[in-house]
Amino acid sequence: MTDLRGDFLGIKSPNPFWLASAPPTDKEYNVVRAFKAGWGGVVWKTLGEDPPIVNVNGPRYGAIYGADRRLLGFNNIELITDRPLELNLREIKKVKRDWPDRAVVVSLMVPCEEAAWKKILPLVEDTGADGIELNFGCPHGMSERGMGAAVGQVPEYVGMVAKWCKQNSRMPVIVKLTPNITDVRNPARAAKENGADAVSLINTINSIVGIDLDTMAPNPATDGKGTHGGYCGPAVKPIALSMVSEIARDPATHGLPISGIGGISDWRDAAEFMAVGCGNVQVCTAAMVYGFRIVEDMIEGLKNWMGTKGYTRLDDFIGKAVPNLTDWQYLNLNYIVKAKIDQDLCIECGRCHIACEDTSHQAITAVKDGRRHFEVIDEECVGCNLCVSVCPVEDCITLERQTSGIDPRTGKPIDPAYANWTTHPNNPSREAAE
Amino acid sequence: MATGSAKRDVATGRLTARQYAENFADLHPPLDTHGAMVEADRCYFCHDAPCVEACPTDIDIPMFIRQISTGNPLGAAETILRENIMGGMCARVCPTETLCEEVCVREIADGKPVKIGLLQRHATDALFADGKQVFARAADSGKRVAVVGAGPAGLSCAHRLALLGHAVTVFDAREKPAGLNEYGIAAYKTVEDFAQREVAFILSLGGIEVVTGKGLGSGLSLEQLRADYDAVFLGLGLGTVRDLGLDGEELDGVIDAVDYISDLRQAKDLSSLPVGRRVVVIGGGMTAIDIAVQSKLLGAEEVTLVYRRGKAQMNASVFEQDLAQTRGVKIIHFAKPSRLIGEAGALRAIEFERTSLDAEGRLEGAGESFTLAADVVFKAIGQAFVAMDDTVKLEDGRIAADGEGRTSLPDVWAGGDCVAGGQDLTVAAVADGKAAAVSMDRALRAQKAKG
Ligand SMILES: Cc1cc2nc3c(=O)[nH]c(=O)nc-3n(C[C@H](O)[C@H](O)[C@H](O)COP(=O)(O)OP(=O)(O)OC[C@H]3O[C@@H](n4cnc5c(N)ncnc54)[C@H](O)[C@@H]3O)c2cc1C
Ligand SMILES: Cc1cc2nc3c(=O)[nH]c(=O)nc-3n(C[C@H](O)[C@H](O)[C@H](O)COP(=O)(O)O)c2cc1C
Ligand code: SF4
Ligand code: SF4
Ligand code: SF4
């Protein structure tokens with residue numbers, strides 16, 4: 001039996017799929033619909049101090065599309081909840097009481113003063129919520145007022161607020177990190193050092209999705225003017241994965257629980273985040289685009305995949321890819337591959353040729369014996385994977401490892417032993433060979 | 001035999017106005033912008049793309065499709081028209097399934113080619129809607145060229161010559177220019193007077209004068225043209241339809257398919273056309289399919305197309321054959337007409353003899369015969385060239401010309417259907433006209449100004 005039950009900081013949920021703090025979790029009505037659909041937990045839309053903030057009345061969202069209007073990237077300028085604090089707290093309490101098996105975490109953002117936090121924490125605790133998430137990520141609007149990303153970008157502030165929260169509450173504290181920072185490990189370290197129980201990431205990335213060339217205003221615009229928003233959705237997944245990975249393999253934060261967020265749209269994305277160390281995942285854009293029902297496939301898909309791999313519990317694969325994340329300097333430079341084209345699969349579009357010819361290593365023919373023919377020239381191929389990336393036919397080009405003999409490109413014999421840059425003769429600061 | 005009893009039935013106005021409008025609506029409705037974006041996204045932007053190779057006019061297909069996908073349809077149209085000034089018409093009439101789309105790598109990969117024709121239409125429609133002229137003529141060369149025939153070959157040649165700076169006069173024997181684009185192509189392929197709109201666009205470049213109602217044999221002689229102009233291009237098309245070679249071709253109801261289609265194309269009101277109840281079409285090419293389908297669409301009850309060889313030998317593409325069958329045309333293979341049966345000067349039936357192919361692929365009669373009752377029979381067994389002049393050398397009954405369109409006369413070029421060895425397609429005629437213009441330009445610039 002495959003068991004999807006999650007335990008994140010002692011917070012139990014029937015599956016690892018939570019909804020991220022955002023419009024899908026802004027009120028009881030939505031959250032109850034989400035729980036009915038099967039979501040394992042929610043992080044309630046960020047609460048702030050009364051009086052509540054206001055949102056613009058113009059458009060909040062912008063998007064990047066594929067050719068068939070598949071939404072690839074999403075941008076918003078929404079602020080935190082615009083509903084009264086008391087109303088949110090009342091609904092949170094009711095939802096948690098009605099859905100005891102689901103995770104209900106409350107996202108918070110109040111000014112960077114201990115008094116403000118001291119005031120709100122007991123109110124949240126009183127709802128029976130399972131934990132809090134500190135929104136240090138919101139990159140627009142709130143950051144102009146010294147909150148959100150403005151805090152998240154200063155590790156000292158992150159640590160300070162985390163500490164206040166730990167001191168003034170019994171609840172588990174998750175620090176939600178902003179990606180709008182040079183090195184995401186710094187705020188993660190500060191969170192951990194100051195007692196935070198976990199980090200979640202990423203929040204949205206500063207973005208302007210486009211300029212309307214007729215009005216010469218950014219998109220979306222309110223009354224002809226626009227501001228940067230926060231970017232999320234499938235386009236940000238690689239950035240989020242990388243940031244999560246850095247925290248997962250940083251010795252200073254290794255083992256710190258991580259809730260993965262950023263472009264997660266299906267079970268496969270979720271599994272990838274968990275493989276790089278996330279205890280669970282949070283979803284926003286995919287739910288906003290397709291509705292809550294997508295969780296059905298996330299649950300079934302993850303179960304099926306775990307079944308084929310023989311994993312019975314989430315812990316069986318959480319973090320399994322972390323040991324394979326390394327620095328460039330440790331990659332094996334004696335690992336030699338050559339592209340190989342499966343002539344039966346090749347449809348002769350020539351993309352591999354022109355890509356390699358124009359922009360890389362001139363290693364693919366276009367014509368052989370007077371005929372249109374695409375074949376790799378081993379003497380030139382550096383095994384870069386460009387052709388594989390551009391070939392429209394899956395598995396048509398593969399990189400084949402060469403383990404012995406002479407590399408026809410360099411004319412040098414292939415060394416089966418592992419050797420990396422740190423000992424490479426071209427490295428001016430190489431370590432002396434032992 | 002079913003001939004004697006029933007009355008011969010040829011009537012006008014078989015359908016309601018709405019039925020005519022529906023039946024003759026656009027065969028391939030155009031893609032909207034979103035549809036074009038999605039389709040354009042399917043193109044792989046191939047290197048040295050096979051589709052370009054298959055296009056007789058060498059349109060840079062991957063480039064124009066990319067231009068559509070970047071939201072630059074006017075640029076796409078310019079890319080198309082630069083190589084094929086009738087890119088708009090070709091988008092409507094090319095049998096793409098035997099040209100560019102047949103070799104598209106996505107046809108090979110998943111049996112679904114990129115819809116190049118529809119994308120080409122999308123781009124050229126955008127330009128026509130915009131109404132902009134995208135080309136500018138080179139400086140006046142001082143040379144004057146006569147083009148005889150204002151069909152695709154002639155107009156393509158004239159446009160390229162004008163572009164290169166020459167002054168062109170185009171003569172056509174008929175009332176309107178555009179050749180078979182105006183008088184021959186099936187009505188549902190070129191709705192809304194597209195042929196004339198395209199001619200107007202071509203002429204808006206400047207440098208081209210069109211004289212209609214005047215042609216070789218009707219007011220002009222090649223000799224005189226050669227004397228008056230620096231060079232001459234002949235794009236005469238094919239003047240006549242082949243006879244069946246049977247007694248009774250003069251009977252009422254034995255009709256030349258091309259003439260009838262011409263009447264159809266020019267009819268202001270389709271209900272004015274006389275349509276037989278039982279129609280038999282003889283032939284296996286595009287014309288045969290077109291007359292069969294259009295007869296059906298005009299309200300004929302039974303339309304039977306009879307071809308003397310098999311499906312595989314038909315000149316009409318599989319797509320065209322399917323079109324006929326889905327429109328309710330019955331196709332009989334391996335039978336040739338042996339007798340036209342008339343009564344009181346009008347056709348009543350046709351007798352056919354079954355045929356087969358021998359081991360060498362030659363046609364032979366199989367002895368057995370059958371008869372089809374018919375109110376009308378359309379002859380569509382191919383067109384023939386009518387020579388108006390005996391100074392230019394012929395080959396297989398058409399004008400002999402080399403790859404650049406050069407004829408046996410040093411200052412005379414030719415192209416399109418009137419030339420031997422061609423494909424008899426609009427796009428091939430456009431390609432011929434373009435190639436000849438380039439060749440003429442080279443020759444004219446080499447030659448010193450006359451007089
Ligand atoms: C019924 C029918 C349907 C067709 N459908 C298609 C199709 O769907 N797709 C496709 O690609 N092709 C189709 N074709 C073929 C295509 O129309 C021709 O290949 C193309 O028009 C040839 O162009 P052209 O310029 O050589 O000749 P034409 O289009 O025939 O033009 C010749 C011009 O020369 C003029 N002319 C002739 N003799 C003289 C003279 N003595 N003096 C002056 N002017 C003269 C004519 O009036 C005419 O305007 C079809 C043909 C027919 C008959
Ligand atoms: C409209 C919108 C509003 C959001 N509001 C909040 C918020 O109030 N608090 C917060 O922590 N994150 C907020 N986020 C960020 C999301 O929780 C999430 O971190 C981000 O969208 C990345 O995940 P995704 O790619 O699954 O959308 C918001 C995102 C969107 C799209
Ligand atoms: S792997 Fe790189 S170098 Fe080798 S053929 Fe492919 S694109 Fe060229
Ligand atoms: S990109 Fe792939 S399909 Fe296209 S020619 Fe190269 S190997 Fe063949
Ligand atoms: S062959 Fe097909 S996919 Fe390739 S460039 Fe041409 S239309 Fe595009």
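Both backbone and side-chain heavy atoms feed into the values below; hydrogens, waters and symmetry mates do not. Note that the structure is a prediction, hence the values are computed from the model and not measured. Order of the sequence lines fixes the chain letters, A, B, ..., with proteins taken first and strands second; residue numbering starts at 1 for each chain.
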Looking only at heavy atoms, what is the nearest atom pair of A/I347 and B/V105, with distance?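 So the two residues come closest at O-CG1, 3.2 Å.
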
Looking only at heavy atoms, which two atoms of A/R372 and B/P50 are closest? And how far apart?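 A/R372 and B/P50 have their closest heavy atoms at NH2-CD, 3.5 Å.
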
Angle between ring planes, B/H47 versus A/F374, binned at 30° and 60°: parallel, tilted or perpendicular?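 The arrangement is perpendicular - the two ring planes meet at more than 60°.
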
Within a reach of under 6.0 Å around [atom1] of [X], are more than 12 heavy atoms found that belong to other residues, nucleotides or ligands?
{"X": "A/D223", "atom1": "CG", "value": "no"}
{"X": "A/R293", "atom1": "CZ", "value": "no"}
{"X": "B/K115", "atom1": "NZ", "value": "no"}
{"X": "A/N57", "atom1": "CG", "value": "no"}
{"X": "B/Q133", "atom1": "CD", "value": "yes"}
{"X": "B/E53", "atom1": "CD", "value": "no"}

To the nearest 0.5 Å, tell me how far A/E348 CD sits from B/D48 CG.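 A/E348 CD to B/D48 CG: 11.0 Å, rounded to 0.5 Å.
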
Rounded to the nearest 0.5 Å, how far does OH of B/Y44 lie from CZ of A/R351?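 Output value for this atom pair is 7.5 Å.
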
Do you know which of A/G66, A/C352, A/C349, A/A355 has the most heavy-atom pairs under 4.5 Å to chain B?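 Max contact count across the listed options: A/C349.
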
Expected output: side-chain A/R69 to main-chain B/H34 donor-acceptor under 3.5 Å: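 It does not hold such a pair.
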
